[in-house]
J.: 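I'd like to ask some things about the structure below.
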Amino acid sequence: MNAPTETTGQARRTIRVDLAGRAYDIAIGPGLLDRAGELAAGLLAAPRVIIVSDQTVAPLYAARLAAAFERTGVRANTLTVPAGESSKEFAAFGQLMNDLLDQRPDRKTTLVALGGGVVGDLTGFAAAVLLRGVDFIQVPTTLLAQVDSSVGGKTGINTRHGKNLVGAFYQPRLVVIDTDMLDSLPRRELLAGYAEVAKYGLIDEPDFFTWCEENGAALLAGDAARRSHAIEQSCLAKARIVAADERETTDLRALLNLGHTFGHALEAETGFGPDLLHGESVGAGMALAFDLSARMGLCPAADAERVRRHLAEVGLPVRLRAIGGGNRRDWQAERLIDHMRGDKKAEAGRLTFVLARGIGKAFVSRDVDERVLHGLLDDAIAA
Ligand SMILES: NC(=O)c1ccc[n+]([C@@H]2O[C@H](COP(=O)([O-])OP(=O)(O)OC[C@H]3O[C@@H](n4cnc5c(N)ncnc54)[C@H](O)[C@@H]3O)[C@@H](O)[C@H]2O)c1
Ligand SMILES: [Zn+2]
């Protein structure tokens with residue numbers, strides 16, 4: 001396995017995602033939005049890009065991004081989709097494909113995703129199938145997208161059967177992370193993305209989790225240096241895991257699903273809506289995964305407590321009663337377990353969890369005793 005390489009210069013850091021034949025750079029730093037044209041120079045098959053953004057992000061940043069391309073002689077048009085998960089529905093995807101074709105792209109046109117995970121997943125999938133495949137660049141604008149969804153090439157849309165069930169592994173040619181763009185992100189979205197940051201420490205980097213405990217609050221309060229450090233460490237971790245297991249054929253990439261089996265059940269129960277953001281569900285899910293590990297005698301109880309304490313301290317809703325948009329929800333263990341069975345991570349109905357032997361010692365488990373799981377959920381619901 002090749003470790004991701006890094007180069008540093010002028011407050012910009014570059015991390016290479018090492019995939020044979022399709023390696024690409026993640027450029028991270030302040031002010032990179034205005035330098036996207038230079039960064040992409042040499043990667044574009046033709047001087048033509050179509051930027052896809054959403055109605056919240058486009059007014060803030062699309063004109064600057066288009067200007068950055070135009071300064072380097074690249075024609076840039078912008079299409080916008082409504083903000084929010086509904087833009088990943090089939091109908092919205094069809095609309096986007098027709099809007100893209102209205103722009104008369106050719107095989108050498110590059111799509112540029114400017115937005116959070118919704119725009120990234122949607123645009124990446126559009127690029128995978130437009131004219132049987134055109135290049136695309138990710139310009140992620142949420143913390144969640146900067147540390148997770150923009151790297152690794154998972155793209156896709158939603159169906160009535162569930163989220164992300166139609167999609168493709170399709171890697172971008174470049175990821176441009178302008179850390180300044182987080183200044184406009186609502187705090188709740190920042191916090192949700194932070195759960196995925198802490199996740200990397202919990203998977204296999206205990207020192208990084210300790211760093212999070214010491215620096216997480218300052219980072220969330222807006223400290224730019226700490227924010228950049230967290231993004232770099234997260235991208236390094238994700239690049240390393242993706243380079244070693246691009247298509248989740250071993251259990252390695254599956255470790256990125258820490259907290260996601262529980263989280264998915266909580267999201268399904270809250271309707272994948274504004275009551276519980278994806279990152280929030282991951283935070284609560286990681287706390288439950290460590291509790292389950294402790295209950296199964298796999299992990300020291302003190303480690304599970306540390307996880308729960310840190311996530312709660314920064315303000316993530318880790319207790320089930322804190323979830324639900326103020327309305328006390330009628331959680332039921334049986335219903336949550338049913339959602340877990342329907343999760344695409346479950347193989348042949350067999351529940352799959354990422355558990356841990358301690359902080360930084362995550363592993364994939366397919367043999368969780370359902371009675372233990374049921375008991376844990378009953379207790380979490382009553383707590
Ligand atoms: N492909 C992957 O590997 C992967 C991984 C994790 C999540 N995802 C997907 O990502 C999606 C969630 O992504 P998300 O959390 O980024 O949500 P999102 O894309 O819906 O963005 C959240 C909200 O923040 C707004 N916003 C974005 N950037 C902003 C900024 N800089 N300033 C102000 N407002 C801004 C958006 O308009 C939106 O309303 C889900 O669909 C999920 O399935 C994909
Ligand atoms: Zn996630």
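Note that ligands are numbered from 1 as they come in the structure, with each ligand's atoms numbered from 1 the same way.
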J.: Which protein residues have a heavy atom under 4.0 Å from ligand 1?
T.: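 Within 4.0 Å of ligand 1, protein side: Asp54, Thr56, Val57, Leu60, Tyr61, Ala83, Glu85, Lys88, Gly116, Gly117, Val118, Asp121, Thr141, Thr142, Leu144, Asp148, Ser149, Lys154, Lys163, Asn164, Met181, Ser184, Leu185, Pro186, Glu189, Lys238.
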
J.: Angle class for the Phe209/His310 ring planes (parallel below 30°, perpendicular above 60°, tilted otherwise)?
T.: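 Answer is perpendicular, since the angle exceeds 60°.
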
J.: For Thr250 and Asp245, does a side-chain donor sit closer than 3.5 Å to a side-chain acceptor?
T.: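 The answer is yes; a qualifying pair exists.
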
J.: Under 4.0 Å between a side-chain nitrogen and a carboxylate oxygen: does that hold for Asp204 and Arg240?
T.: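 Yes, Asp204 and Arg240 are salt-bridged.
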
J.: Would you say the side-chain atoms of Arg253 pair up with the backbone N or O of Arg247, donor to acceptor, closer than 3.5 Å?
T.: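 No.
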
J.: With a cut-off of 3.5 Å and sequence neighbours excluded, list every side-chain donor-acceptor pair involving residues 125-145.
T.:
| residue | atom | partner | partner atom | Å |
| --- | --- | --- | --- | --- |
| Asp135 | OD2 | Arg173 | NH1 | 3.1 |
| Thr141 | OG1 | Gly115 | O | 3.4 |
| Thr141 | OG1 | Gly116 | N | 3.4 |
| Thr142 | OG1 | Ala145 | N | 3.0 |

J.: Return the set of residues passing salt bridge (Lys or Arg N to Asp or Glu O under 4.0 Å) with Asp369 (not counting sequence neighbours), or none when no residue passes.
T.: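 Per chain and number, Asp369 pairs via salt bridge (Lys or Arg N to Asp or Glu O under 4.0 Å) with Arg371.
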
J.: Could you give the distance from NE2 (His278) to CD (Glu267), rounded to the nearest 0.5 Å?
T.: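 If I round to the nearest 0.5 Å, the distance is 6.0 Å.
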
J.: Under 6.0 Å from the CZ atom of Arg188, do we count more than 12 heavy atoms belonging to anything else shown?
T.: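 Counting other residues, nucleotides and ligands, CZ of Arg188 exceeds 12 neighbours.
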
J.: Is any side-chain heavy atom of Asn158 less than 4.5 Å from a side-chain heavy atom of Asn164?
T.: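 Yes, close enough: below the 4.5 Å cut-off.
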
J.: If you draw a sphere of radius 2.8 Å around the Zn ion (ligand 2), how many protein N/O/S atoms end up strictly inside it?
T.: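 Protein heteroatoms (N, O, S) closer than 2.8 Å to the Zn ion (ligand 2) number 3.
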
